[in-house]
Amino acid sequence: MNHAIITVNDLNLWYGQSQALKHITMEIPEKSITALIGPSGCGKSTFLKTLNRMNDLIPTVKITGEVRYGGENIFESEVNALRKEVGMVFQKPNPFPMSIYDNIAYGPRTHGIKSKAKLDEIVERSLRDAAIWDEVKDRLKKNAIGLSGGQQQRLCIARALAVEPKVLLMDEPTSALDPISTSRIEELAMELKEKYTIVIVTHNMQQAVRISDFTAFFLLGELVEFGETEEMFSQPKDQRTEDYITGRFG
Amino acid sequence: MRSRFDEQLALLKKEMIEMGAMCEEAIALAARALTEGNMTLAEKVAPLSQNIDQMERDIESRCLKLLLQQQPVAKDLRVISAAMKMITDIERIGDQAEDITEILPYLAGRKLPDNIPVREMAGGVIRMVTDSVDAYVKQDIDMAKSVIKRDDIIDGYFASIKQNLIDLLKNNTDSGEFAIDLLMIGKYLERIGDHAVNIAEWVIFSVTGMHKEVQS
């Protein structure tokens, strides 16, 4: 297992009175893909959002325990700095209603980069890394809304990459895409793990098997089992994991 | 929730039992044909072996369909992949029973010597085949292990057949062809025992996810 980039210690999270995460302790290995699986409402998306403090926006949320990134507890560090390092891609592609170029340049600009040459370089690198450069290089000034769903999702990945994060969180990034776009995003994720750490929530068991190195199975807010994907899908240790992945419940 | 998949798995296990039962019948017929010198029984083995071949194709195609449609994981994946490996061994068992019957005409009606324990050996491997397939259906590791253990008895029978045939040749030098034919029959039965062991090892894999060699 690679060195852990994120270490979670006894993490608990409540939405009001209802506890959504219970005593989660795990280490997310660097430069690998970790899949979070489990039935709806098991806490996997909540957990993912916690990793870059997206839950901070919800007023009734209470969190205990710690998530350590770069040696610091993320709940005690500055949120914008954290989100620059830990980026997020959502289920539904959400490009900004502006040009392809401006979508990518948006993040770097907010972090103070003004030089046109520097921005050009970032836009090209990010689009190349997200495997969409060849498809959009001749229409960078066109509105991003005109792209197909699969292209929009890769654009959103490129936008996340533009601020040079270390970790990419993906919340069911292919659930709204057709099989061809899905396969491109999956290929992309596998290429990106050379440089980035990826944590992905997926409802597609086969996707978890295909692309992830590690899998975490959540149930009713608990982390039931965490380990190497191949092992978990061939010899799960916990009966609840076996029952879920073989479709006996969930 | 997944009743259709469970039905398909139950059907797979039923077909495995049927295929195993056909092999048991083929071995029993071959052994009886030999001990009773009855060629009518021997002739029934070849068509049975063809049915076993067909059964192998049918089970294989059912397994491939299940892999495609259900994309099984964990125990489901092991049960299906083990079945695909096991049917190759079961099919070989059918072939070997047929091979035995092909030798019988060359024995020219000579009576089987009393110290050549073919009947016992055939009885032993039939039980091993039955139990190995049963162990798969019941996912019973202990039964699979007992099959593996019993192979030593079969090997012992084969060693004694070999020794007794050597003695026969010493005293009766014109029995060369007869002795070699009987030795081959013994060897086919011994190989059937080995195939039953292979099946039992796949049963252990389908239950535990580990191969016997890795476990020991």
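Each chain gets a letter, A, B and so on, in the order its sequence line appears, and its residues count up from 1.
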Can you tell me if [atom1] on [X] sees more than 12 non-hydrogen neighbours from other groups inside 6.0 Å?
| X | atom1 | result |
| --- | --- | --- |
| B:Tyr106 | OH | no |
| B:Arg62 | CZ | yes |
| A:Leu57 | CG | yes |
| B:Arg32 | CZ | no |
| A:Glu228 | CD | no |

Given 3.5 Å as the limit, does a donor-acceptor pair link the side chain of B:Gln71 with the main chain of A:Gln206, or not?
no

Donor-acceptor pair, A:Glu242 side chain versus B:Lys75 backbone, under 3.5 Å?
yes

So which part of A:Ser234 gets closer than 4.5 Å to some heavy atom of chain B, the side chain, the backbone, both or neither?
backbone

Heavy atoms only, distances under 4.5 angstrom: which of B:Ala74, B:Pro72, B:Gly209 has the most pairs with chain A? Name it, please.
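Of the options given, most contacts go to B:Ala74.
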
Looking only at heavy atoms, what is the nearest atom pair of B:Val73 and A:Ile245, with distance?
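That closest heavy-atom pairing would be CG2-O, 3.2 Å.
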
Please report the shortest heavy-atom distance between A:Gln235 and B:Thr208, naming the atom on each side.
NE2-O, 3.5 Å

